[in-house]
Amino acid sequence: MEDNGYEIIDYMGMNYTEGMTVKARFIPSDELDEDESIITRVVYPQVNFNDKLIQQADVEVSVG
């Protein structure tokens with residue numbers, strides 16, 4: 001796929017920060033510190049074509 005200009009971005013396990021270009025649902029978690037926000041599920045990954053966003057990621061974020 002990369003040879004054809006596509007790039008798939010999998011945000012699984014990454015820290016969530018405001019302003020990310022993702023569709024996010026927030027799930028409370030007792031396992032994280034108060035200020036922690038971790039992407040714990042990727043419903044759809046982000047897809048870029050020739051370095052341009054063509055599909056926004058859909059993720060769940062666990063929030064402490």
Side-chain angles (χ1 to χ4, degrees):
M1 286 184 62
E2 288 181 14
D3 292 340
N4 294 323
Y6 290 93
E7 178 184 16
I8 296 177
I9 312 291
D10 183 6
Y11 288 108
M12 184 68 171
M14 293 179 64
N15 290 325
Y16 174 82
T17 57
E18 287 293 324
M20 291 180 81
T21 56
V22 299
K23 178 182 175 186
R25 285 182 290 288
F26 298 95
I27 311 295
S29 174
D30 294 332
E31 298 176 13
L32 297 175
D33 291 334
E34 187 174 318
D35 293 333
E36 274 188 295
S37 299
I38 306 288
I39 297 172
T40 52
R41 182 171 179 239
V42 176
V43 179
Y44 298 106
Q46 178 175 313
V47 179
N48 296 340
F49 178 67
N50 291 332
D51 297 323
K52 295 193 189 235
L53 176 70
I54 61 170
Q55 176 181 290
Q56 185 178 37
D58 185 356
V59 301
E60 285 185 1
V61 179
S62 293
V63 179

Close side-chain approach of [X] to [Y], heavy-atom, < 4.5 Å:
X   : Y   : result
Y11 : I9  : yes
V59 : M20 : no
P28 : V63 : no
V61 : R41 : no
Y6  : I54 : yes

| request: Can you measure from CG (D35) to CG (N15) and round to the nearest 0.5 angstrom? | output: 11.5 Å
| Can you tell me how far the CD atom of E7 sits from the CZ atom of F49, to the nearest 0.5 Å? | 12.5 Å
| field | Exceeds 12 heavy-atom contacts within 6.0 angstrom, atom CG of D51 | value | no
| field | Set of residues satisfying ring-ring contact (aromatic ring centres under 6.0 Å, His included) with respect to Y16, sequence neighbours excluded | value | F26
| said: Grouping I, L, V, M, F, W and Y whenever their side-chain heavy atoms are under 4.5 Å apart, do M12 and M14 come out in a common cluster? | reply: yes
| note | Closest heavy-atom pair, Q56 versus T21, reported as atoms and distance to 0.1 Å, is CG-O, 3.3 Å
| note | For G13 and I38 the tightest heavy-atom approach is O-CG2, 3.9 Å
| query | Between E60 and V42, does a side chain to side chain contact (heavy atoms under 4.5 Å, CB included) hold up when you go through it step by step? | reply | CA-CA 6 Å; E60 285 185 1; V42 176; over 6 Å; no
| Can a donor-acceptor pair be found between the side chains of Q46 and N48 at a distance below 3.5 Å? | yes
| Side chains of T40 and S62, donor plus acceptor under 3.5 Å | yes
